[in-house]
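A quick write-up on the structure given underneath.
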Amino acid sequence: MALNMNKSDLNWLEKAEEYLSNHTLLALIILVSLTILAGSFRLRVDTPDFNKGETTSWWGITLNLVHGFGYSLCNQYYFPFCSATSSATAMREPAPILLFAGVAWLSKESLLAAGVTELLLLTGVMVTLFFLTREWTGSSSAGFLSAIIWIVYPRAMPLISQVSGDLLAGLGVTFGILFTLRARKSDNIRDWILAGIGLGIAVMSRSVMLMVTLTVIAGLIIERWDLRNNYSDWIRPSLLTFAVVLIIMTPWIVRTKLVFGRPLIGSSLVGYNIYRHNYMLGTNDYFHNVGNDESWVAIQSLVARRTDLLGTENEAQMDLVYREEGLKIIAANPVHYILLSGYRFFMLWFDWRVSESFGYNMGLVEYAVALLQLTLLIFAFIGSKNNLPEAWPLWASLIMVTISYMAVNSRMHYTIPIMPLVISLAAAAVFRVKIDMKVMMVT
């Protein structure tokens with residue numbers, strides 16, 4: 001009896017998969033409509049606010065740009081020597097700022113309009129994720145499953161009520177990896193260019209996404225190694241992708257060189273984070289995330305100790321100061337640094353005890369989200385293991401971004417731009433389980 005029921009269930013799944021394959025556009029329209037409906041309700045009950053999440057910095061720079069004050073924001077919490085007359089900034093990447101500046105100009109600086117824009121980005125990630133998963137699994141069912149998981153993923157939808165670069169970075173990564181996979185099959189110049197555009201936007205939305213770009217470029221060189229005698233076929237895709245990314249990054253690099261006297265590839269907060277999250281390595285109490293209050297004390301102590309500082313240092317100059325001090329501490333405490341970096345894996349993927357640094361303990365919701373993260377990672381590992389050659393741009397990118405965050409600073413919300421890759425691999429694993437069940441039933 002149970003055997004017949006399992007067969008019935010599998011037949012139902014096969015029919016559902018056939019229907020989805022034959023009615024892809026209709027199913028996507030339904031998904032998009034439901035997402036926008038749910039997001040509109042979310043924006044109604046959780047209205048975007050200037051003080052939510054990272055909105056203060058992203059929207060603050062946006063408004064200054066719209067008001068004609070340039071790309072500026074003075075936040076003495078990060079850079080103690082900034083002022084109203086010296087407030088040029090690079091603390092936030094330019095792609096989201098430029099997008100939201102356009103939205104602010106068109107909507108008369110409406111934060112609700114910015115929230116709607118975030119909702120559209122969230123929806124864009126969902127649609128792109130469907131095509132990404134279908135591209136490398138060949139299954140519309142797996143694609144739709146990944147899209148549904150993204151929409152119900154509890155860390156995604158809340159982002160539409162604040163302004164940040166996470167969703168645009170997520171869209172860039174998903175789009176870039178999608179066209180990387182397509183270009184590997186077609187070797188079409190257009191596909192390589194589109195891959196570069198997606199990856200370039202991701203880098204200019206969250207700097208650490210540069211690791212995705214470097215992973216893709218290095219992977220392509222290794223993958224096409226057998227073609228090294230034909231230099232053009234071997235190296236052309238990597239060079240073309242890198243060239244597009246570099247073109248997108250160049251205006252920012254030039255701007256930071258002109259404004260600060262030193263080019264910055266991404267955010268000026270890298271040095272700050274290196275110092276903030278490693279300053280305590282020389283103590284016995286180093287196994288924790290550094291909260292806002294603790295970091296404020298640490299920065300003030302650093303500034304007081306560095307009597308060579310003139311008090312006029314700009315962001316790029318302070319970035320060098322923070323890097324120098326942070327790297328000195330790391331070099332003096334290598335064992336503590338290695339242990340803390342390993343511990344950051346759990347902070348990154350599960351927010352393990354991160355809340356304690358902000359004054360509250362993990363509760364039921366935090367544990368539930370951590371359990372969901374663990375489940376997704378387990379299925380993503382299975383999906384990677386079963387599809388190593390096909391899916392290397394996904395799992396290799398996840399590994400390199402994870403290592404990058406572990407080396408500096410880790411919190412779960414940093415994973416948002418790469419969660420579509422995790423979800424795609426996890427959905428493929430679920431789809432694979434269904435196929436295995438079918439084989440077992442037939443045999």
Side-chain angles (χ1 to χ4, degrees), residues 13 15-48 95-96 99-100 102-103 106-107 110-179 181-182 194-195 197-198 201-202 205 372 376 394 416-428 430-431:
L13 288 172
K15 291 179 180 178
E17 182 175 349
E18 181 180 358
Y19 182 85
L20 289 173
S21 299
N22 294 333
H23 300 85
T24 298
L25 180 59
L26 175 61
L28 277 176
I29 290 174
I30 293 173
L31 269 182
V32 168
S33 301
L34 291 175
T35 302
I36 293 177
L37 181 64
S40 299
F41 178 76
R42 173 85 193 194
L43 288 173
R44 183 177 179 85
V45 300
D46 186 20
T47 307
L99 171 63
F100 288 113
V103 172
L106 291 172
S107 66
S110 168
L111 261 177
L112 180 60
V116 172
T117 303
E118 293 278 25
L119 174 57
L120 294 177
L121 292 174
L122 178 84
T123 306
V125 173
M126 180 197 70
V127 174
T128 310
L129 179 56
F130 160 77
F131 286 108
L132 169 63
T133 306
R134 190 181 70 169
E135 180 70 29
W136 70 273
T137 63
S139 166
S140 294
S141 296
F144 279 112
L145 178 59
S146 65
I148 292 170
I149 294 174
W150 168 252
I151 292 305
V152 301
Y153 180 63
R155 306 285 293 198
M157 188 66 77
L159 285 175
I160 69 174
S161 297
Q162 55 183 277
V163 177
S164 74
D166 293 316
L167 290 176
L168 184 57
L171 179 59
V173 167
T174 311
F175 187 89
I177 296 297
L178 165 62
F179 278 94
L181 296 180
R182 288 188 176 177
L194 289 173
I197 290 174
I201 291 174
S205 298
L372 173 62
L376 288 173
L394 288 81
I416 287 294
I418 55 174
M419 277 309 298
L421 306 185
V422 174
I423 291 171
S424 181
L425 291 167
V430 173
F431 177 70

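L181 CG to R134 CZ: the interatomic distance, rounded to the nearest 0.5 Å, is 13.0 Å. Taken from OG in S424 to CD1 in I418, the straight-line distance is 13.5 Å, to the nearest 0.5 Å. Rounding to the nearest 0.5 Å places CD1 of I151 at 9.5 Å from CD1 of I148. From I423, atom CD1 reaches atom CG of L394 across 11.5 Å, with rounding to the nearest 0.5 Å. Here E135 contributes atom CD and F130 contributes atom CZ; the two are 10.5 Å apart, rounded to the nearest 0.5 Å. A distance of 13.0 Å separates OG1 in T174 from CZ in F131, rounded to the nearest 0.5 Å.
At least one side-chain heavy atom of L421 sits under 4.5 Å from a side-chain heavy atom of L132. Looking at heavy atoms from C-beta onward, Q162 lies in side-chain contact with L159 at the 4.5 angstrom threshold.
Shown here are the ring pair (Phe, Tyr, Trp, His ring centres under 6.0 Å) partners of F179, two or more places apart in sequence or in another chain: F175.
Counting only distance, with no hydrogens or angles, the side chain of S161 and the backbone of D46 share a donor-acceptor pair below 3.5 Å.
The minimum heavy-atom distance between P420 and P417, with the atom names listed, is CD-O, 3.6 Å. Minimum heavy-atom separation, A428 to T137: CB-CG2, 3.7 Å. The two residues Y153 and L372 have their closest heavy-atom pair at CD1-CD2, 4.1 Å. A pairwise comparison of heavy atoms in A427 and A142 identifies CB-O, 3.6 Å as the closest pair.
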Would you list the atom pairs, donor with acceptor, under 3.5 Å between side chains in residues 114-125 and any protein atom, with sequence neighbours excluded?
| from | atom 1 | to | atom 2 | distance (Å) |
| --- | --- | --- | --- | --- |
| T117 | OG1 | A113 | O | 2.9 |
| E118 | OE2 | S164 | N | 3.1 |
| T123 | OG1 | L119 | O | 2.9 |

Acceptor/donor pairs from residues 34-41 side chains to any protein atom, 3.5 angstrom cut, sequence neighbours excluded:
| from | atom 1 | to | atom 2 | distance (Å) |
| --- | --- | --- | --- | --- |
| T35 | OG1 | L31 | O | 2.8 |
| S40 | OG | I36 | O | 2.7 |

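Side chains of S146 and T133: a donor-acceptor N/O pair is present below 3.5 angstrom, by distance only.
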